[in-house]
Amino acid sequence: MDANGKTTREIVERFHDAFENHRPDALDALIGEGCILENTAPAPDGARYEGRKACLDFWKGIAAPASLAFTAEEIWAGKDRGIIRWRLSWGEGEADRVRGVNILRVRDGRIVEAFGYVKG
């Protein structure tokens, strides 16, 4: 564990960058074995993905399309936890965007847990 969160912040920033810059293959080096992801949808609890492959497949499907624009509002990290507050847009209208947050756990330089929430 990184006591001051420097390594965790680097991993979290690289993770967000993969989405913001549409680089799904960059995720390969960031996701750990046994990763657990709880997605933002469907309501009320979101879909759960278990295992590195399941998480990578899901995230790569979101990171690839240029029609999805992720923008970080804030990135925070400390010890083994990281938080990304983000905005996702898929069009020009007010109804074509959503704001959300991902809460991540990093172990041994890889993301092993992710929980996503949106304002809905």
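In this chain, numbering begins with 1 at the start of the sequence shown.
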May I ask you to list the residues sharing a hydrophobic cluster with F115, side-chain cutoff 4.5 Å, ordered by chain and number?
-> W76, I83, V101, I103, Y117
Is there a path from W86 to F15 through hydrophobic residues (I, L, V, M, F, W, Y) whose side chains come within less than 4.5 Å of each other?
-> yes
If you round to the nearest 0.5 Å, how far is CD1 of I84 from CD of E74?
-> 11.0 Å
Pairing of R9 and E13 as salt bridge, 4.0 angstrom limit = yes
For R81, does its backbone N or O pair with a side-chain atom of T8 as donor and acceptor, under 3.5 Å?
-> no
Would you give the length of the straight line joining atom CD of E113 to atom CG of L37, rounded to the nearest 0.5 angstrom?
-> 10.5 Å
Got a second to check how far L30's CG is from L104's CG, nearest 0.5 Å?
-> 10.5 Å
With distance as the sole test, does H16 use its side chain to make a donor-acceptor pair with the main-chain N or O of A72 at under 3.5 Å?
-> yes
Measure the shortest side-chain to side-chain distance between F70 and N21 over non-hydrogen atoms and say whether it is less than 4.5 angstrom.
-> no
How many angstroms lie between atom CZ of R105 and atom NZ of K79, to the nearest 0.5 angstrom?
-> 12.0 Å
R52 side-chain N/O to I31 backbone N/O, donor-acceptor pair under 3.5 Å | yes
Under a 4.5 Å cut-off applied to non-hydrogen side-chain atoms, are V106 and T7 in contact?
-> no
Does the ring center of Y49 lie less than 6.0 Å from the ring center of W59?
-> no
Can you measure from OG1 (T40) to CG (L88) and round to the nearest 0.5 angstrom?
-> 8.5 Å
Pairwise distance CZ(R107) to CD(E33) - rounded to 0.5 angstrom | 12.0 Å
Note, R48 side chain near I36 side chain (heavy atom, < 4.5 Å) = yes
Nearest heavy-atom neighbours spanning C35 and I111 | SG-O, 3.7 Å
Shortest non-hydrogen contact from A63 to L27?
-> CB-CD1, 4.3 Å
